[in-house]
Structure formats: structure tokens, C-alpha cells
Amino acid sequence: MLSKLMNFLRSCWRPSSERYAHTSSDAAGRQDGLLWYKDTGKHLHGEFSMAVLQANNLLEDQSQLESGLLSTLDSGPYGTFIGVYDGHGGPETSRYISDHLFRHLKSFTSEHQCMSVDVIKKAYQATEEGFLSLVTKQWPVKPQIAAVGSCCLVGVICGGTLYIANLGDSRAVLGRLVKATGEVLAIQLSSEHNAAIESVREEMHSMHPDDSRIVVLRHNVWRVKGLIQVSRSIGDVYLKKAEFNREPLYAKFRLREPFNRPILSSDPSISVHELQPLDQFLIFASDGLWEHLSNQDAVDIVQNHSRNMDQPVQQGPRQL
């Protein structure tokens, strides 16, 4: 499985003359195992490649890159936005995030005339509240939408500053050149919210001290309430609002006991990094990649299959 996955990743860096770009409806193009990819593109701070490898019958994930469209009233267009939305239970939440999160970010950036941690938090909150409104509206005819959710990993580059915001277990990794040795080292930039991580289980216990079963080991996998691995997400309303934890929602999603406060959180972990001249590239990916590759493995693949290493680093980091 590992070698197969690495071959899929390497195909993202093959010269475009060696393969055909395709969309999800192009069955002939699926011979390389990739459902969809963009070979290479330009953004305000460099270039990027994107690829989707479908694991389920229904594609529940979305990815997004926007450039030059984040603006303030006094400085004009600037910035690059990267989003990876790893959906579960269905595609509705990841699609909603793709349609609304960046719009909210633009709106709040304009309102505050700057990019900040507070602006990003407000954009996440507005997206969560908007999806909750959608669930409320559709509940009478489509109750299962209450059990649909998505991880949400975002990167925003403004000038020389990189903001990383995350809900769930996707991950952002930076490749940084060590000038003395020529090595490119992996630096993880995002914090993950998966019950497999001991600190996440401790956090859940501290937030729910009266619930000894807030995280449960089931079939050798830690899950929140025995149902879901991530502790933070957009959506998953059935674990945030008790009024959706009832029929006609499928019994497999419903909790037997009532709850008085949200079990899952939609509050992202946000970090801020000043980009350095030796920063080479950024990798944004869902847990499907990181289950099979270490941070350094992924950085080595990008570094060893780069097409533009002769360009000055000062042009900015590349993104995958």
C-alpha cells in the first residue's frame, strides 16, 4: 500500500507530457490512480500542484486555492488561501465549507482591514453557524445531514506571514532547507484533533469531567463517544446540539444518554509563522496521506521530484 501511495504522489510531479490531466468524469484518465489533479499552477507567492485520490465510492472531500483576492480597504489585493476539507458521513459539509469559508474570510478581512487570528476564527464560526442553519432547514426532509461533518485545514499567506488553522486530523507540513547540509527538514505546522492522540483524550476528559466514557477504545481505535475519531470539526451537529440526537436520525449515530453541552468543538487551532528565506514548500493533506507517510517522507518526495528548484527561494514557498 505504501509503495502504491508513493507512486500516486510521484505522478503529481511527472512532466505533463508524460500523462493526461483529467477530471472526475474522465474514466480513461484514472489509470494513474488519481481521481483529479492540477499539474502546476501559479499563485501570488509561487506555484502549486493539487491532487485527489478517492478512497470511498462517494468523494466526500474538497480542496481549494485562492490567490490575490484577500483585500483590505487600504492595501488592495494580496494573499494566498489554501483549504483542505476532509468530509465524513457525506459530501455536504466539505462542499459547504468550500463555498462559504473563503467568502467569510474575505468579508471579515475587509471589515477589520487586516488579516489576524481573530479574523480567521470569525470566518470559521460563521461557516459553522451557516451549516447549522442549513441542517436545521433540511432536518425535516433530510435528517441524516445532522451526522455529516468535515475536518477543515486552512493556510493563509499574507506578505511574509503564514497563518495555519485546523479542525480535525488533516496536517500542514513545511519543508525547510538546512543551509549547512543541503537537507530539507520537515516541520509540522498544524495541531491535530484525533482521539488517537493522548493529549486530545486528556483535553476531552478535562472538558467533560463527569463523563468517564467521553472517549472509548473500540476495536483498538480511540473514538469520541465511541462514534468519531476527531474531536473538532465543522458540522457533526448531532454531537453538538442535543435536539438533533434523536429520531429520525439513524440509531447508529444517536447517543443513549442526553448531553447538555457540545461534545465536539468547532474552535480551530491557529498558529502564526513568519516565513524564512530557507522555507522551500508547504504540504497540505488529509489524514489519508499521513497514515502512510511520515512528515519527512512526504517532504523527501516533494524535494526529490521538484521541477523548479533553480528558482530563487525568495519567490515564496510552493504548495502541494
Side-chain angles (χ1 to χ4, degrees), residues 23-25 35-36 52 54-64 66 81 83-108 120-154 165-170 193-195 208 214 223-268 286-288:
T23 66
S24 59
S25 62
L35 174 68
W36 177 91
V52 174
Q54 186 169 345
N56 302 322
N57 291 331
L58 177 65
L59 181 63
E60 298 174 323
D61 309 333
Q62 296 286 319
S63 56
Q64 181 177 17
E66 308 282 351
F81 173 96
V84 173
Y85 317 129
D86 182 7
H88 48 262
E92 291 88 352
T93 313
S94 61
R95 291 175 182 172
Y96 186 90
I97 297 170
S98 185
D99 289 339
H100 292 85
L101 178 58
F102 180 65
R103 295 180 191 176
H104 289 310
L105 192 64
K106 286 196 297 180
S107 175
F108 288 122
I120 295 173
K121 284 188 175 183
K122 286 185 175 181
Y124 268 72
Q125 181 180 6
T127 305
E128 168 80 354
E129 291 174 353
F131 189 72
L132 172 59
S133 296
L134 178 66
V135 172
T136 303
K137 183 183 300 183
Q138 294 191 3
W139 169 261
V141 295
K142 191 180 180 181
Q144 307 314 318
I145 195 173
V148 179
S150 181
C151 301
C152 184
L153 171 64
V154 161
N166 191 44
L167 292 172
D169 53 11
S170 296
H193 313 113
N194 188 304
H208 304 271
I214 188 66
R223 296 182 184 273
V224 177
K225 300 302 292 182
L227 295 172
I228 188 170
Q229 288 182 265
V230 295
S231 62
R232 304 190 196 188
S233 69
I234 300 289
D236 296 307
V237 177
Y238 74 116
L239 290 175
K240 296 174 180 177
K241 300 286 184 179
E243 59 264 35
F244 296 103
N245 181 41
R246 60 179 176 84
E247 292 183 341
L249 187 69
Y250 292 149
K252 66 180 180 179
F253 295 119
R254 298 198 305 268
L255 299 178
R256 295 179 179 179
E257 67 278 9
F259 58 93
N260 299 319
R261 60 180 181 274
I263 293 170
L264 301 189
S265 169
S266 60
D267 185 26
S286 64
D287 65 319

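Between Leu167 and Ser265, the shortest heavy-atom contact is CD2-O, 4.3 Å. Pairing each heavy atom of Cys151 with each of Ile97, the nearest pair is O-CD1, 4.4 Å. Between Ser286 and Ser170, the shortest heavy-atom contact is CA-OG, 3.4 Å. The nearest pair of heavy atoms linking Ala146 to Leu249 is CB-CD1, 4.4 Å. Minimum interatomic distance between Asp169 and Asp287 (heavy atoms only, all atoms of both residues): O-CB, 3.6 Å. Heavy-atom minimum distance, Asn166 versus His193: O-CE1, 3.1 Å.
Remark: side-chain polar atoms of Lys121 are not paired, donor with acceptor, to backbone N or O of Pro268 under 3.5 angstrom.
A 4.5 Å side-chain heavy-atom check between Tyr124 and Thr127 finds every atom pair outside the cut-off. When side chains are defined from C-beta on, Ile263 does not count as touching Asp236, because their heavy atoms never get closer than 4.5 Å. No side-chain heavy atom of Val230 sits under 4.5 Å from any side-chain heavy atom of Val224. With a 4.5 Å cut-off on side-chain heavy atoms, Ile228 and Leu239 count as touching.
At a cut-off of 3.5 Å, with distance as the only test, no side-chain donor of Gln62 or Gln64 sits close to an acceptor on the other residue.
Each of Leu101, Ile234, Leu153 was evaluated against Tyr85; a single residue qualifies, Leu101, per the side chain to side chain contact (heavy atoms under 4.5 Å, CB included) test.
A salt bridge is absent between Arg232 and Glu128: the closest approach of a Lys/Arg side-chain nitrogen to an acidic carboxylate oxygen does not fall below 4.0 angstrom.
The OG atom of Ser107 lies 10.0 Å from the NZ atom of Lys122; values are rounded to the nearest 0.5 Å. The CD atom of Gln125 sits 7.5 Å away from atom CZ of Phe108, with the distance rounded to the nearest 0.5 Å. Expressed to the nearest 0.5 Å, how far OG1 of Thr93 lies from CG of Asp86 amounts to 11.0 Å. Atoms CG and CZ, from Leu227 and Arg254 in turn, are 11.5 Å apart once rounded to the nearest 0.5 Å. With values rounded to the nearest 0.5 angstrom, Phe131 atom CZ is found 8.0 Å from Gln138 atom CD.
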As a quick check of understanding, evaluate side-chain contact (heavy atoms from CB on, under 4.5 Å) for Glu257 and Lys225, giving each step before the final call. CA-CA 11 Å; Glu257 67 278 9; Lys225 300 302 292 182; 2.6 Å; yes

Could you go through Lys241 and Val135, starting from their C-alpha distance and side-chain angles, then the distance that decides it, and tell me whether this counts as side-chain contact (heavy atoms from CB on, under 4.5 Å)? CA-CA 11 Å; Lys241 300 286 184 179; Val135 172; over 6 Å; no

Using side-chain contact (heavy atoms from CB on, under 4.5 Å), reason through Phe244 and Leu132 one step at a time and then give a plain yes or no. CA-CA 11 Å; Phe244 296 103; Leu132 172 59; 4.0 Å; yes

Verdict with supporting geometry, Glu92 and Lys142, side-chain contact (heavy atoms from CB on, under 4.5 Å): CA-CA 12 Å; Glu92 291 88 352; Lys142 191 180 180 181; 2.8 Å; yes

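Sparse packing is recorded around CD of Glu247, with 12 or fewer heavy atoms of other residues, nucleotides or ligands lying under 6.0 Å away. The local environment of CZ in Arg261 is crowded, with over 12 non-hydrogen atoms from other residues, nucleotides or ligands closer than 6.0 Å.
Ring geometry for Phe253 versus Tyr238: interplanar angle over 60°, hence perpendicular rather than tilted (30 to 60°).
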